[in-house]
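Chain letters run A, B, ... following the sequence lines, proteins first, then strands; residues in each count from 1. Since this is a predicted model, take the numbers as computed values, not measurements.
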Amino acid sequence: MSHTTPESLQELAKEQWSSLETQLSECPLTAKQRMAIPQQEMPAQDPAARRTNMDEVTYGYFEEQARVEAERCLQCKNAPCIAGCPVAIDIPRFIRKISEADYSGALAVISETSLLPSICGRVCPQEVQCQEPCTVGKAKKDPFLSVSIGRLERFVADHGGRSVPQVKPETGKKVAIIGSGPAAITAAADIRREGHGVTVFEAFHKPGGVLVYGIPEFRLPKGIVEEELNTLQQMGVEVRTNFLVGRTRTLKDLLEKDGYNAIFIGSGAGLPRFMEIEGENLVGVFAANEYLTRSNLMKAYDRERADTPITRPRKVAVLGGGNVAMDAARTAVRLNAEEVNVIYRRTRTEMPARAEEVDHAEEEGVVFHFLRNPARILGDENGQVRAIEVLKYELGEPDDSGRRRPVAIPGSEYEIEVDTVIVSIGNDSNPLLTTTTPELEVNKRGNIVADESGKTSMDRVWAGGDIVLGAATVILAMGQGRKAAAAINEALLS
Amino acid sequence: MHTILKREQLSEQVFRIRVVAPLIAEARQAGQFVLVQVDTEFGERIPLTIADADAEQGWITLIFQAVGGTTMRLAALQEGDAVPAILGPLGTPTHVEQLGHVVCVCGGIGAAPMYPIAQAMKAAGNRVTIILGARNHDLIILQEEMRSLADDLILVTDDGSAGRKALVTEPLKELCQAPSPPDLVVAIGPPIMMKFAVETTRPFAVRTVVSLNTIMVDGTGMCGGCRVTVGGQTRFVCMDGPEFDGHQVDFENMMKRLQSYKTQEDAARHTCKIGRNP
Ligand SMILES: Cc1cc2nc3c(=O)[nH]c(=O)nc-3n(C[C@H](O)[C@H](O)[C@H](O)COP(=O)(O)OP(=O)(O)OC[C@H]3O[C@@H](n4cnc5c(N)ncnc54)[C@H](O)[C@@H]3O)c2cc1C
Ligand code: SF4
Ligand code: FES
């Protein structure tokens, strides 16, 4: 894959923009003309360089690029993109504002329904959300040629300026928020705005949830998450870290002893799934959560300064095909692994990871083994991983979801030599809160049962995000935080 | 603020600090631990058992051996200083009930986590025998506290510099051979000692609980780094433990996992020592 330098992308966009500008000043563009505008590529660090640093891979659009890309939008009357957005951002309207060079206006449009555009613009799987139904992509029969809505969202968030939302006069009521991921941040902001006291309780020593312990710096700079949390604190939200609800204090204590009028639970899906195969507890086998937490939150990549160690892998196998797997694989690359293998049961098209991350991983030299599944992990005499045995699969009959089901080919197993295995096959719900709170109804997967507004079976308690949905996405967590906040605000009125 | 109210040195490397932590002091039960961090930017989080607590006065006691980067820095803090981060209480509390005769086997620093368990066992109406062992006289901790608590205290050292010259497993075996063997043995100490304690009681089928101290990151069941194999199944020490049926624990695997970062930790200790002694 060839890499175009940011400088040349900017040069190109400058030329494109100046000719577009002249065209636009003469007469409005036709749909056909708009469809002919070339899609703007995301400027990114050179793959060879970024293998050795933790800095963000993509730089974000140059202003000229954003202006050109915005003109690709057809401003469709029916705007199918809005229906594809989990929080229904008025996409054509914010893009129009970019066309008018009104970036703070564009941000205001996004902020009507979304709270974390600088984060969502970077981590949303746009190709299966807003960009999937986009008319431009449909016409070109390729969703990857749709208007780059996510990149534009990020541009707006990075250039639209920041302000601390107004807080209404104190009501004297107070709400406890459990966790500090996207669901919690959103709920905290929306509830605080109405003048209620808000305390966020986080088990880790730093707030942010998966945004800080899971998603690496090279994909989502921690400074961005910190800014969101600073805004919360400037609004008067109290953040209490090193506080594990269920152990330090129970939910009931918060309501009955500490005087909280309502609770929102946004505790996420923190229980790593294992393959349950032989050799999984050998030295050198990690859950992705551990590997990523060591590297991100505990900063183990910074060997000079961090106390928390991380093994320096030589040959790695990452099991799984989602965002977590991509993050683990690319972290291992940056920790100097010679060879990083991703082992996935299906094929590339079924990978749940964001398409851009898969591309980036490939550019960085990650090797993909599709239609393979680990059978067991083999250790040496010291109990240290020495290889992984994988079984070949082929696509069989379609299953209920219409996807062709992978079936094992008997006798096809072979070994790949590795010293590190990172298991990234997903997360279940952490049972701590629910087992210490019998009043909370959970489903058979351990997720908290909640209605449309996030209301749980327990009086005065709402929940949202991964703890309700199972491991999902940032935008869905944010959306649920919003809905629950609205319901809590209403309940506190009476 | 987790201000240090009192700091004592119990032996050459072992320190005891009493720190302000009202919520933890209120919630904690025997067998639970905390995660401590001395630097919330680059520091690691290490598990330490809550050795004692006073809910009324709002403090907990931690006992630790200054052997790694974090514990050495913790040892350098003085009365009036604050410990930057303490998370807890974590883990499943000890299952305490009236069983009859409970034998508590402590190896070295293992006496620290044992103390609250022995207290709780005693309070539940058990006869409590404590075997307190260490390599030598200078490494024995909590002797007075244990003596005033126990019905019987058996002191052993490897070199005979205090009490009987023996390993903890010798008196343990004798107790198991007695006409009425113990109803429960609790063994806490270095992994190798726990392993031998478990092998000592196995032939007598005396139920033996061990308290494991594995590497931890979050302490909330999120990372899986603390996992051990118990009865062929994967269990998380921070959530399902720290106490397990010793006869089911795969000690070999646990000891190897504990060594995962050995070389890196040795390097850390080295720099730390250089930093400490001018
Ligand atoms: C490595 C990785 C990569 C991902 N990549 C993407 C991506 O690219 N795009 C995307 O949309 N989604 C991605 N996701 C998923 C996304 O991050 C989650 O869906 C989202 O963060 C869920 O948000 P949440 O608010 O429900 O909880 P979380 O972000 O999980 O936060 C929960 C917080 O609650 C704390 N907590 C838990 N229990 C307690 C308790 N009892 N007391 C106090 N605090 C508690 C936890 O410590 C944690 O900080 C990724 C997830 C991972 C792990
Ligand atoms: S569907 Fe695509 S072209 Fe149409 S309004 Fe939305 S972003 Fe613009
Ligand atoms: S320390 Fe992370 S799961 Fe136990």
Contact class of [X] relative to chain A, heavy atoms under 4.5 angstrom:
{"X": "B:Glu41", "answer": "both"}
{"X": "B:Val228", "answer": "backbone"}
{"X": "B:Arg257", "answer": "both"}
{"X": "B:Arg28", "answer": "neither"}
{"X": "B:Asn253", "answer": "side chain"}

If you count every heavy atom of other residues, nucleotides or ligands that lies below 6.0 Å from [X] atom [atom1], does the total exceed 12?
{"X": "A:Lys222", "atom1": "NZ", "result": "yes"}
{"X": "B:Gln78", "atom1": "CD", "result": "yes"}
{"X": "B:Gln9", "atom1": "CD", "result": "yes"}
{"X": "A:Asn53", "atom1": "CG", "result": "yes"}
{"X": "B:Phe196", "atom1": "CZ", "result": "no"}

What part of [X] lies closer than 4.5 angstrom to a heavy atom of chain B: side chain, backbone, both or neither?
{"X": "A:Phe274", "value": "side chain"}
{"X": "A:Thr248", "value": "both"}
{"X": "A:Asp253", "value": "neither"}

Heavy-atom closest contact (A:Pro272 atom, B:Gly224 atom, distance):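 Shortest heavy-atom separation between A:Pro272 and B:Gly224 comes out as CG-N, 4.1 Å.
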Taking all non-hydrogen atoms of both residues, which atom of B:Arg45 and which atom of A:Ala203 are closest, and how far apart?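 Residues B:Arg45 and A:Ala203, closest heavy atoms: NH2-O, 3.2 Å.
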Residues 420-437 of chain A: residues contacting chain B (heavy atom under 4.5 Å, by number):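 So the qualifying residues are A:Asn430, A:Leu432.
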Chain B contact residues among residues 281-290 of chain A, heavy-atom distance under 4.5 Å: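 Expected list: A:Asn281, A:Leu282, A:Val283, A:Val285, A:Phe286, A:Ala287, A:Asn289, A:Glu290.
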Does A:Met298 form a side-chain contact (heavy atoms from CB on, under 4.5 Å) with B:Gln37? I'd like the steps, not just the answer. CA-CA 11 Å; A:Met298 308 309 291; B:Gln37 204 181 12; 3.8 Å; yes
Side chains of B:Gln32 and A:Arg247, heavy atoms from C-beta outward: is any pair under 4.5 Å?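 Side-chain contact under 4.5 Å: yes.
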Within-4.5 Å side-chain heavy-atom neighbours: A:Phe243 and B:Leu23: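 Yes, at least one pair of side-chain atoms sits under 4.5 Å.
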Approximate separation, where rounding is to 0.5 Å, of [X] [atom1] and [Y] [atom2]:
{"X": "B:Glu26", "Y": "A:Arg249", "atom1": "CD", "atom2": "CZ", "answer": "4.5 Å"}
{"X": "B:Thr220", "Y": "A:Phe204", "atom1": "OG1", "atom2": "CZ", "answer": "6.0 Å"}
{"X": "A:His205", "Y": "B:Ile86", "atom1": "NE2", "atom2": "CD1", "answer": "14.5 Å"}

Who wins among B:Ala21, B:Gly91, B:Pro84, B:Ala27 for the most heavy-atom pairs under 4.5 Å with chain A?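 Among the listed options, the one with the most contacts to chain A is B:Gly91.
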Option that, when pairs with chain A are counted at under 4.5 Å, heavy atom only, ranks first among B:Ile24, B:Val38, B:Asp250, B:Thr234: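 Of the candidates given, the most pairs with chain A belong to B:Thr234.
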One thing to verify: whether B:Glu44 and A:Arg294 come together as a salt bridge, which I'm taking to mean a side-chain N less than 4.0 angstrom from a carboxylate O.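 Result for this pair is no, no salt bridge flagged.
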Check step by step if side-chain contact (heavy atoms from CB on, under 4.5 Å) holds for A:Leu244 and B:Leu90. CA-CA 9 Å; A:Leu244 184 62; B:Leu90 304 173; 3.4 Å; yes
